[in-house]
Structure formats: C-alpha cells, structure tokens
Amino acid sequence: MQVPVYLDPERLDPEVRKPVQIENTRDPQHGDLATNVAMMHAKSMGMPPRALAELILDNLPASAEIEATEIAGPGFINIRLAKAATFAPIAACLAAGAAFGTHPATGESMQVEFVSANPTGPLHVGHGRGAAYGATLVNLLKARGHTVQSEYYVNDAGRQMNILAISVFLRYLEIVGESIRFPSGGYQGDYITELGQTLHHQHADALRVGFADLTAGVVEDGEETKDAHIDGLIERAQKLLGGGFEFPFQLALNHILADIKDDLGEFGATFDQWFSERSLVTSGEIDQALAQLESKGHLYQQNGALWFRSTAFGDDKDRVVRRDNGETTYFASDIAYIANKFNRGFDRVVYVWGADHHGYIVRVKAAAEALGFDPERLIIRLVQFAILYRDGERVQMSTRSGSFVTLRELRDDVGKDACRYFYVMRKADQHLDFDLSLATSQTKDNPVYYIQYAHARICRVIETLEGSDFDQARGLAHLDALTSQDEVDLATAVGRFPEIVAKAADTLEAHTLCYYLQDLAADFHRWYNGTRLLVEDLNVRDARLSLALAVRQTIANGLSILGVSAPEAM
RNA sequence: GUCCCGGUAGCUCAGUUGGAUAGAGCGACCGCCUCCUAAGCGGUAGGUCACAGGUUCAAUUCCUGUUCGGGACACCA
C-alpha cells in the first residue's frame with residue numbers, strides 16, 4: 001500500500017524516531033490503514049495518546065484518497081480509503097495477468113539445492129516433502145524477482161554407493177548360480193534384484209566370481225561387524241574384478257538416478273543442474289578447498305587424521321576431513337561444494353535438508369566462514385518428516401524391510417496436486433500429518449479441491465457467457481457498482497496477493513501461501529453463494545465478472561507457485 | 001549432558017515480525033439448492049494462548065527460568 005507522503009513517519013518527530021507503523025488492518029471495522037504514531041510518541045510528547053492523535057488529525061491536510069479518519073482504542077488512528085482505492089487491485093490484477101503477484105527484478109542471484117537424496121534407491125515419501133518445498137521455494141523466489149537456480153547434489157562418491165554396487169553384484173552372483181549369503185548391511189528391495197538381472201543381461205557370466213573367493217579373509221557378518229563385513233566384501237570385489245566393479249556401480253547409479261529424475265519430473269520438481277560429488281574429487285576441488293583452509297591455519301593433524309578446527313566457529317567439536325586411511329570424508333566434499341557454489345557467483349545459497357541433518361548446520365556454516373564467505377549467505381532450511389495417516393490409522397513405513405512407501409506410490413495414490421499442496425501446507429520445520437483419506441476426498445474439507453473448485457466455478461460462469469456481450473472495460477469502469485462487504489473483502493484479498501508472495505519468499509515460508517489461498521477461496525465461495533453474477537444490469541454484471549476474473553487469476557497464479565493445477569472444470 | 005523445534009478451541013493447525021474483542025478447518029448442534037457446479041454457504045457452542053517472572057503505553061508474539069512432548073548430537077553417508 002502506498003503511504004501518502006504526509007504520513008511519512010520520518011516527518012513526525014525529528015527528535016524521537018521510533019519504528020512507527022502504518023499497516024493494513026486485519027479488522028475491517030478499523031478501516032483500511034491504521035497507525036500507532038500517537039501511542040509511540042505519547043511519552044516523548046508528554047501527552048495522552050488520544051489527545052496526541054487528535055492533534056495529529058487536526059493538522060492533516062485533506063486528501064482525495066482518504067475518505068475518513070478516526071481515533072480508536074488506546075490511541076490508534078484508523079484511516080478509511082476512498083472506494084476507488086479499495087477496488088484498484090481488480091484492474092491491477094487483470095492488467096498483469098499471469099504476472100500478477102510477481103515483483104520487479106532484484107538483481108539478486110540465488111541457488112536452491114534440494115532433495116539431493118543418495119541415489120541408492122527410489123525416493124520415498126520423506127524426500128517428497130523436501131521436493132515439494134524446494135520446488136515451491138524456487139517458484140516463490142523467482143516471483144519475488146530473484147534469479148534462481150535449482151540444483152540436486154548427487155552423492156555419487158563414497159561408501160553408500162559402493163554398498164549399493166556390492167548389493168547389486170551379489171544379486172547378480174545369485175542369478176549366475178552362486179549360492180550367497182546376503183549381508184545384513186546391504187540394500188534390500190526388488191529393484192536391487194532387477195538391477196542384478198540387468199547386469200546379467202549385459203555381461204552374462206563374465207563378472208562371475210566364486211562367493212567363497214569373495215568372502216575370503218572377510219570378517220563374518222554379525223550385529224557388531226556388519227559394517228566391517230560389507231566393507232570387506234567391497235574391497236574384495238574391487239580387487240577381484242579390477243575395473244569391473246565399475247559395471248554394477250555405474251549401472252546402479254545411472255539407473256536409479258534416471259528413475260529419480262523421472263519421478264521428480266512427474267512431480268513438477270525440475271532441476272537446472274545435477275551436480276556430481278565425484279566431480280569435486282576428480283577436479284581436485286576438494287584438495288584445493290582443504291589447501292585453502294590449511295593456509296589459513298584451520299586444519300591440524302591428530303591420530304593420523306586431518307581435522308578442521310570448527311570449534312573456532314562455534315561448533316562443539318572439531319571435524320575430520322581426511323581419515324587415517326587417506327580417504328576424505330563426506331564433510332570434505334561439503335566444504336569443496338560450498339566453495340564451488342559461491343565461486344559460481346550466487347549471492348545466497350539455500351540448502352533444503354531433512355531434519356535429521358540438523359547436526360550439520362553449525363559445521364557447514366563454520367566451513368563457509370573459514371573459507372572467507374559470510375555465513376549469512378548460506379541459508380539452511382530443515383524439513384521435518386511427514387507421517388502418513390489413512391482412515392485415522394498411522395501408515396507404517398520401514399526402510400529396512402524394503403516395504404517403504406515410495407514417492408511414486410504416494411503420487412499414484414493421491415495425485416500430484418494433493419501431494420504438492422499437502423506437503424507444503426504446514427511450516428516446513430514441523431511435523432506434518434499427511435492425511436491420505438483427506439487428500440483423496442472430493443469435498444470442501446480437502447483444501448486443494450476447495451481452492452480448485454473456486455477456480456472452476458469462475459471458469460464455468462465465464463463459459464456460460466461465451467459469445468455474449470461481456471465487456472471487461474465496462475466492468476472496470478463501473479467498479480463502484482460493487483457495494484457489498486463481501487465484494488470489498490474479496491477485492492482487498494486480491495490486493496494482498498503480491499505482499500503475500502513477497503513475504504513468503506523473504507521468510508522462505510511457503511505454507512503462508514496455502515493459508516492465503518484457502519482464505520481467498522473462502523471469500524469467493526461466500527460471495528458467490530450469496531450474489532448472483534449474471535444479472536440484468538450490465539454495469540453491475542460486468543463489474544462483478546471483473547472481480548471474479550481477478551479472483552480466478554489470483555488463484556491460478558498462487559496455485560502455479562505451489563505447483564498445483566488450476567482446472568477449468570471439475 | 002549439549003543443541004534445535006514445538007506446547008494456542010475436543011482434534012489438526014494459523015496468527016501479517018509487539019497492537020484493538022486471539023482466528024480457520026475438522027468434529028458437535030441448527031439452518032440454506034424452481035437460481036451461474038451443494039465438490040458450496042450461513043449460524044450456535046467451544047480459550048487461565050503450558051507455567052512463573054521480566055522488558056513495554058501495549059506480550060500469544062521479545063528475554064530468562066521451570067515443565068512436558070518430538071528430534072539431533074560418529075575417523076557414518
């Protein structure tokens with residue numbers, strides 16, 4: 001809302017500068033704008049708030065934009081705007097169309113990295129929330145006027161990938177006739193067996209080694225030793241197969257990553273870049289980053305390992321970057337990745353992580369600071385897990401048994417729209433009860449259908465006018481025909497959309513958009529239910545239709561940011 | 001033990017960065033279709049904003065403490 005210059009807080013009292021507020025009221029009875037100037041300055045002026053308010057009002061010049069002012073409560077000054085200003089958002093919305101709610105370019109360049117799940121299996125419902133939230137953030141930040149790049153960090157180096165490869169390889173051995181004992185630390189699931197079959201199709205018996213040979217010298221599998229056992233198997237396989245271990249490795253990586261891409265694509269989460277962790281190894285960037293920290297004195301040797309002194313930056317303990325066996329840790333990759341991101345020129349980078357990564361925040365920020373980057377530019381958002389409910393019963397998930405619910409299964413079940421909406425409807429860092437029954441229900445209780453239905457209803461009205469003499473210009477010229485409180489509320493709600501987008505983007509709180517859209521849809525349904533749009537008086541009719549069109553545009557734009565469709569008929 | 005996130009209507013949650021009489025949906029109860037989609041709308045009931053201090057003209061909001069939940073704290077990835 002444009003604040004008239006004579007209400008400029010800066011001019012009120014040059015001696016006392018307190019953060020005076022002039023804001024949109026939440027209660028229409030308080031007018032359109034309200035200010036607390038009088039209360040803020042009552043003390044310094046040595047007079048009661050209400051008396052000061054009176055003095056201020058007596059000295060205000062008249063304005064065409066302001067219809068009335070009043071003093072209320074403890075000393076608020078309420079301002080009622082002229083009617084034309086109330087309905088101005090209708091024209092603004094219709095003129096801007098799909099761009100309504102977007103903001104001018106800020107010149108700021110941002111990156112949002114999200115999902116980044118290890119490519120060791122299909123995405124499950126936990127990843128889905130990160131995907132929905134991240135994708136929505138990207139849309140919000142773009143609408144805010146920032147330049148945004150979306151990225152998926154592919155963990156294609158490290159132990160987990162080797163465990164995946166050995167798992168596939170063992171299933172392959174099984175297929176070619178070896179009698180094996182599958183390690184307890186290996187990856188379960190039908191997809192592993194399928195990859196083993198593919199490996200067999202590609203290489204026939206060429207990769208076959210004896211299971212006894214593979215386990216020679218490897219410690220027995222057991223509760224305590226399952227890690228050592230599987231690491232031993234990997235080491236043996238690499239030795240026996242030579243470069244051949246790359247076959248199950250690459251096959252699994254490529255296949256699973258393709259599946260993830262496909263899955264996310266159907267979910268409307270697209271990435272500008274898939275960034276390979278391996279590339280940090282091969283390009284020498286990990287060594288470079290460590291050398292940089294070394295030169296600044298942030299590293300030291302102890303017990304054969306190389307440590308980063310993260311405690312110097314607020315961490316509660318130092319962290320290993322190179323283990324005593326010479327391998328760099330996952331954290332070392334992270335450090336190099338931070339440098340890589342900032343060197344690409346982003347002003348701010350956003351990480352969307354699962355809440356289980358909470359413990360990494362301090363060390364990653366520490367690394368950024370140690371590398372010489374302002375840690376404020378590195379923003380981490382945690383996403384809590386979603387708990388699925390069906391008919392009031394919690395849906396059990398277990399990754400161990402391989403019986404987890406995949407994102408794909410969830411999408412097949414409740415559909416993309418409900419998935420996207422439900423995932424982001426709550427604050428990201430809080431637990432989400434995902435009610436599957438509600439998500440699939442086609443009633444007003446389901447917020448997705450409720451909002452979409454408002455859109456469809458408006459489309460239906462427009463459709464019945466097909467070929468008639470609806471004239472938007474006439475409607476906009478007669479907005480004074482809108483007289484009811486419902487119409488004032490609705491137009492005001494439309495006018496709030498740009499600031500809702502801005503705020504959601506600035507705070508990275510996507511859920512506020514969901515609440516806004518529900519409120520907007522409710523305002524519409526109330527109005528629609530009590531007001532006939534297609535009336536005889538063409539001025540009134542076209543004014544109402546213009547309002548309806550503005551509502552439709554706003555809903556469509558909001559849903560678009562959420563990645564939810566805006567159907568024309570339901 | 002340390003660190004995060006929470007505690008708001010019976011349930012699930014909002015609460016515009018400290019404002020006026022704390023909101024919505026569900027659930028409960030009572031109503032509304034000869035009319036552009038009833039996949040909708042209206043009304044009623046329901047609250048010591050976990051507790052105690054502090055800052056302020058003003059605290060659900062900020063600070064401290066207490067308490068109760070949930071989670072995180074590897075030479076793992």
Side-chain angles (χ1 to χ4, degrees), chain A residues 19 21 23-27 29-30 34-36 38-43 48-49 72-76 78 118 120 155 157-163 227 277 302-307 315-317 319-325 327 329-331 333-334 355-362 382 384-385 389 392 425-427 429-433 435 438 441-450 452-454 456-465 496 499-500 503-504 506-507 511-512 514-516 518-519 521-522 524-535 541 544-545 548 569-570:
Chain A
Q21 297 158 1
E23 55 182 22
N24 292 325
T25 57
R26 44 177 102 168
D27 184 343
Q29 287 188 351
H30 301 145
T35 175
N36 59 357
M39 287 181 291
M40 293 303 286
H41 289 79
K43 203 170 199 178
F76 288 99
N78 293 337
N118 283 346
T120 52
N155 294 118
R159 183 163 169 266
Q160 290 305 317
M161 285 307 297
N162 283 332
I163 295 176
D227 286 344
E277 181 189 358
Q302 192 176 62
N303 301 334
L306 186 63
W307 298 69
D315 202 358
D316 46 11
K317 58 178 291 190
R319 308 291 171 177
V320 172
V321 290
R322 180 177 281 127
R323 296 196 279 168
D324 58 2
N325 65 7
E327 283 179 28
T329 60
Y330 185 87
F331 181 48
S333 299
D334 285 340
D356 56 333
H357 282 62
H358 163 254
Y360 297 86
I361 297 176
V362 176
L382 297 182
Q384 278 285 358
F385 298 119
Y389 288 86
M425 71 192 287
R426 300 283 181 241
K427 231 178 276 180
D429 61 355
Q430 262 161 55
H431 287 287
L432 167 71
D433 292 331
D435 186 336
L438 181 61
S441 79
Q442 303 196 344
T443 67
K444 70 188 177 68
D445 306 342
N446 182 343
V448 185
Y449 281 89
Y450 185 76
Q452 288 181 324
Y453 181 49
R457 268 183 150 177
I458 299 169
C459 289
R460 175 63 185 210
V461 175
I462 301 305
E463 198 181 303
T464 58
L465 273 180
R496 284 177 56 219
E499 62 188 74
I500 292 290
K503 196 186 169 216
D506 292 344
T507 58
H511 71 282
T512 54
C514 294
Y515 283 99
Y516 167 77
Q518 270 182 84
D519 287 344
F524 170 75
H525 286 307
R526 182 184 309 115
W527 176 56
Y528 180 92
N529 213 67
T531 310
R532 190 157 175 82
L533 307 196
L534 304 179
V535 292
R541 184 197 69 179
R544 288 178 181 169
L545 287 171
M570 293 173 72

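All chains are named by letter (A, B, ...) in the order of the sequence lines, taking the proteins before the strands, and each is independently numbered beginning at 1. The structure displayed is predicted, hence computed values, not measured ones.
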(request) May I ask you to evaluate whether H511(A) reaches the phosphate of G15(B), defined as a side-chain N or O under 4.0 Å from OP1 or OP2? (result) yes
(request) Respond yes when some side-chain nitrogen or oxygen of R496(A) is under 4.0 Å from OP1 or OP2 of U16(B), and no when none is. (result) no
(message) Would you measure the distance from the C1' atom in A20(B) across to the matching atom in G25(B) and give it in whole Å?
(response) 25 Å
(message) Using atom P in both nucleotides, what's the gap between G15(B) and U61(B) to the nearest angstrom?
(response) 14 Å
(request) Among the candidates C36(B), C75(B), C13(B), find the nucleotide nearest to the side-chain atoms of R460(A). (result) C36(B)
(request) Please state how far atom CG in L382(A) lies from atom P in C73(B), giving the value in whole angstrom units. (result) 12 Å
(request) Could you classify C62(B) for me, syn or anti, using a glycosidic angle within 90° of 0 as syn? (result) anti
(message) Without decimals, in angstroms, what is the distance between I500(A) CD1 and A14(B) P?
(response) 15 Å
(request) Please list, chain by chain and in numerical order, all residues satisfying side-chain contact (heavy atoms from CB on, under 4.5 Å) with D315(A), sequence neighbours excluded. (result) S310(A), R319(A), V362(A), R363(A)
(message) With rounding to the closest Å, how many angstrom separate the C1' atoms on G71(B) and C29(B)?
(response) 40 Å
(request) Between C32(B) and C57(B), how far apart are the C1' atoms? Round to whole Å, please. (result) 47 Å
(request) Would you classify E277(A) as touching base, sugar-phosphate or nothing, given that sugar-phosphate means primed atoms plus P, OP1 and OP2, and contacts are heavy atoms under 4.0 Å? (result) nothing
(request) Please report the closest heavy-atom contact between Q384(A) and H431(A), naming both atoms and the distance. (result) OE1-CE1, 3.5 Å
(request) Report the C-alpha separation of D334(A) and F331(A) in whole Å, then their side-chain angles, then the decisive distance to 0.1 Å, and conclude whether the side-chain contact (heavy atoms from CB on, under 4.5 Å) test is met. (result) CA-CA 5 Å; D334(A) 285 340; F331(A) 181 48; 4.2 Å; yes
(message) Classify A454(A) by what it touches in the nucleic acid, base, sugar-phosphate, or nothing, heavy-atom distance under 4.0 Å.
(response) nothing
(message) Minimum heavy-atom separation for A157(A) and E277(A), please, with both atom names.
(response) O-OE1, 3.5 Å
(message) Please pick, from A38(B), A77(B), A39(B), the nucleotide with the shortest atom-to-atom distance to any side-chain atom of Y449(A).
(response) A39(B)
(message) By nearest heavy atom, map E327(A) and H525(A) onto RNA chain B; which one lands nearer the 5' end?
(response) H525(A)
(message) Would U12(B) be called syn or anti here, given the cut-off of 90° from 0?
(response) anti
(request) Measure from CG on L438(A) to P on G27(B) and round the result to the nearest Å. (result) 10 Å
(request) Quickly work out the K427(A) NZ to G6(B) C1' distance and round it to whole Å. (result) 9 Å
(message) If I compare all heavy atoms of M425(A) with all of Y515(A), which pair ends up nearest, and what's the gap?
(response) O-CE1, 3.5 Å
(request) Go through A14(B), C75(B), A39(B) for me and flag the one nearest to the Q442(A) side chain. (result) A39(B)
(message) Using atom P in both nucleotides, what's the gap between G18(B) and C62(B) to the nearest angstrom?
(response) 7 Å
(message) Looking at every heavy atom in both D435(A) and L438(A), which two are closest together, and how far apart are they?
(response) OD1-N, 3.0 Å
(request) Just compare C35(B), C13(B), C75(B) and give me whichever is closest to any side-chain atom of V320(A). (result) C75(B)
(message) Using the side-chain heavy atoms of R319(A), tell me which of these nucleotides is nearest: C5(B), A74(B), C36(B).
(response) A74(B)
(message) Need one value for S333(A): base, sugar-phosphate or nothing, where a base atom within 4.0 Å counts as base even if backbone is also close, heavy atoms only.
(response) nothing
(request) Would you mind reading off the distance between M425(A) atom CE and A24(B) atom C1', rounded to a whole angstrom? (result) 11 Å
(message) Applying ring pair (Phe, Tyr, Trp, His ring centres under 6.0 Å), can you list everything that pairs with Y450(A), at least two apart in sequence or on another chain?
(response) H525(A)
(message) If I pick the P atom on C5(B) and the same atom on U64(B), what distance separates them, to the nearest angstrom?
(response) 12 Å
(request) List for me each residue that meets side-chain hydrogen bond (donor to acceptor under 3.5 Å, both in side chains) alongside R541(A), sequence neighbours excluded, and say none if there are none. (result) D469(A)
(message) Does D324(A) reach a base, just sugar-phosphate, or nothing at all? Heavy atoms under 4.0 Å.
(response) base
(request) Pick the C1' atom in G42(B) and in A50(B), then give their distance to the nearest Å. (result) 35 Å
(request) Could you please name the option among U12(B), C41(B), A39(B) that lies closest to any side-chain atom of M570(A)? (result) A39(B)
(request) Evaluate side-chain contact (heavy atoms from CB on, under 4.5 Å) for T531(A) paired with R544(A), printing each intermediate quantity in order. (result) CA-CA 9 Å; T531(A) 310; R544(A) 288 178 181 169; 3.6 Å; yes
(message) Counting the atoms with a prime plus P, OP1 and OP2 as sugar-phosphate, which does N155(A) contact under 4.0 Å by heavy atoms, base, sugar-phosphate, or nothing?
(response) nothing
(message) Let me spell it out: for each of H357(A) and T464(A), pick the nucleotide of RNA chain B with the closest heavy atom. Which residue's pick is nearer the 5' end?
(response) T464(A)
(request) Answer whether the closest heavy-atom distance between the side chains of T329(A) and R323(A) falls below 4.5 Å. (result) yes
(message) Side-chain N or O of R457(A) versus OP1/OP2 of A38(B): is the shortest distance under 4.0 Å?
(response) yes
(request) May I ask you to evaluate whether R159(A) reaches the phosphate of A74(B), defined as a side-chain N or O under 4.0 Å from OP1 or OP2? (result) no
(request) Let me have RNA chain B in dot-bracket notation, would you? Count Watson-Crick plus G-U wobble pairs, both distances under 3.5 Å, and use [ ] for pairs crossing earlier ones and | for inter-strand partners. (result) (((((((..((((.....[...)))).(((((.......))))).....(((((..]....))))))))))))....
(request) Measure from CG on L432(A) to C1' on A14(B) and round the result to the nearest Å. (result) 15 Å
(message) Measuring to OP1 and OP2 of C41(B), would you say a side-chain N or O of Y450(A) lies under 4.0 angstrom away?
(response) yes
(request) Could you tell me the separation between the CD atom of Q518(A) and the P atom of C13(B), rounded to a whole number of Å? (result) 14 Å
(message) Looking only at the side chains, is there a donor atom on one of T120(A) and Q160(A) sitting less than 3.5 Å from an acceptor on the other?
(response) no
(message) Categorize D227(A) for me: base, sugar-phosphate, or nothing, with a 4.0 angstrom heavy-atom threshold over every strand shown.
(response) nothing
(message) Counting only side-chain nitrogens and oxygens, does K317(A) get under 4.0 Å of the OP1 or OP2 atom of C75(B)?
(response) yes
(request) Using whole Å, report how far CG of D429(A) lies from C1' of C5(B). (result) 6 Å
Which protein N or O atoms sit under 3.5 Å from an N or O of nucleotides 68-71 of chain B?
{"from": "G70(B)", "atom 1": "O2'", "to": "H431(A)", "atom 2": "NE2", "distance (Å)": "2.8"}

(request) For nucleotides C11(B) and G54(B), find the distance between their C1' atoms and express it as a whole number of Å. (result) 34 Å
(message) Using a 4.0 Å heavy-atom cut-off, does T120(A) contact any base of the nucleic acid, only the sugar-phosphate backbone, or nothing at all?
(response) nothing
(request) Name the nucleic acid region contacted by R526(A), choosing base, sugar-phosphate or nothing; use a 4.0 angstrom heavy-atom cut-off, strictly under. (result) sugar-phosphate
(request) Please name the pair of heavy atoms, one in S441(A) and one in N446(A), separated by the smallest distance, quoted to 0.1 Å. (result) O-ND2, 2.9 Å
(message) Base, sugar-phosphate or nothing for Q160(A)? Non-hydrogen atoms, less than 4.0 Å.
(response) sugar-phosphate
(message) Does the plane of the ring in F524(A) sit parallel, tilted or perpendicular to the ring in Y528(A)? Use 30° and 60° as the thresholds.
(response) tilted
(message) Test of understanding: with side-chain contact (heavy atoms from CB on, under 4.5 Å), list the residues that count as partners of D429(A), not counting sequence neighbours.
(response) K427(A)
